[in-house]
Amino acid sequence: MQEVSKYTVFNIREYLNGNNEELGEDDLRQVLSEFSCEKNPDVERFAKKQQSVTYLVFSTEDAELVGYFAITIKPITVNAESFSNTIKKKLARVSELNEQNHTYNMAAYLIAQLGKNYNNGANDRITGEELLGLAIKQLQQLQYLAGGMVVFLETLNEEKLLSFYQGKGFQQFDSRLSESASHEPHELIQLLKILK
């Protein structure tokens, strides 16, 4: 468990691993039943798969679930032509360069989900900047333990979202088509950042 200012970040595996007699799947279901994100229903889908680790974010004041984020490691291919030489050098340290198409292939941290809880106004108790900051702080702890320096995320192609992430130091490197829970294809913009 990690406590940061007015929020407590809790690894969902604490509920699922069975090592803690006070926590279990029933407790997790209860906590998640209080989560709502009508703006993006895809963030409401929580899974027990080992593909990523979900972190629940609670208000330290009253233990209300205010948001969550999920982190994993995933291979990516980056066309770095639009990046500065400084970024290219950093990418080259943790990747393999494909000289035929001038792309870098690497494993990177992925912020797979990032969502605020819109149930009963809990979303007003944490900003997107604070939630992203908690995810980055967790990644920096993983970086300290395991190395690596690249984090990326995917977001809808909406000006407000792109502006938010770019304002936090993320740069676009690609896009892809994806299907949502409703199976409607939509474009996701892929952005990356170098961790410090």
[X] (side chain) donor-acceptor with [Y] (main chain) under 3.5 angstrom:
| X | Y | value |
| --- | --- | --- |
| N117 | G67 | no |
| T60 | K6 | yes |
| Q141 | Q138 | no |

Using residues 166-176 as the side-chain source, report each donor-acceptor pair under 3.5 Å to any protein atom, sequence neighbours left out, with the distance given to one decimal.
residue: K168; atom: NZ; partner: E129; partner atom: OE2; Å: 3.4
residue: S175; atom: OG; partner: E187; partner atom: OE2; Å: 3.3
residue: R176; atom: NE; partner: E154; partner atom: OE1; Å: 3.4
residue: R176; atom: NE; partner: E154; partner atom: OE2; Å: 2.7
residue: R176; atom: NH2; partner: E154; partner atom: OE1; Å: 2.9

[X] vs [Y] side-chain heavy atoms within contact, under 4.5 Å:
| X | Y | value |
| --- | --- | --- |
| N123 | V66 | no |
| T77 | Y104 | no |
| F58 | L56 | yes |
| L131 | V57 | yes |
| N157 | L188 | no |
| Y7 | E130 | yes |
| Y109 | L142 | yes |
| L153 | L114 | no |

To the nearest 0.5 Å, tell me how far [X] [atom1] sits from [Y] [atom2].
| X | Y | atom1 | atom2 | answer |
| --- | --- | --- | --- | --- |
| K116 | I126 | NZ | CD1 | 7.5 Å |
| L97 | N101 | CG | CG | 8.5 Å |
| L132 | T127 | CG | OG1 | 9.5 Å |
| M106 | M149 | CE | CE | 10.5 Å |
| Y55 | L134 | OH | CG | 12.0 Å |

Exercise for the section: Return the set of residues passing salt bridge (Lys or Arg N to Asp or Glu O under 4.0 Å) with D124 (not counting sequence neighbours), or none when no residue passes. Expected result: none
Given the rule that I, L, V, M, F, W and Y join up when any side-chain heavy atoms are under 4.5 Å apart, are [X] and [Y] in one cluster?
| X | Y | result |
| --- | --- | --- |
| L139 | V53 | yes |
| I136 | L192 | no |
| I73 | I71 | yes |
| I111 | I194 | no |
| V9 | L110 | no |

Please report, to 0.1 Å, the donor-acceptor pairs under 3.5 Å made by any side chain of residues 78-94, with sequence neighbours excluded.
residue: N79; atom: OD1; partner: E81; partner atom: N; Å: 3.1
residue: S84; atom: OG; partner: I87; partner atom: N; Å: 3.3

With sequence neighbours excluded, tell me which residues meet side-chain contact (heavy atoms from CB on, under 4.5 Å) with [X].
| X | value |
| --- | --- |
| N120 | none |
| E158 | L156, L161 |
| A108 | I76, V150, F152 |

Exercise for the section: Could I get the full list of side chain to side chain donor-acceptor pair (under 3.5 Å) partners for S95, not counting sequence neighbours? Expected result: none
Fill in the blank from the handout: By side chain to side chain donor-acceptor pair (under 3.5 Å), E64 pairs with (sequence neighbours left out) R125
Practice task
Report the hydrophobic cluster partners of Y144, with the cluster defined as I, L, V, M, F, W, Y residues connected by side-chain heavy atoms closer than 4.5 angstrom, directly or transitively.
Solution key: L145
Practice task
Tell me who clusters with L177, hydrophobic residues only, linked when side chains sit under 4.5 Å apart either directly or through other members.
Solution key: none
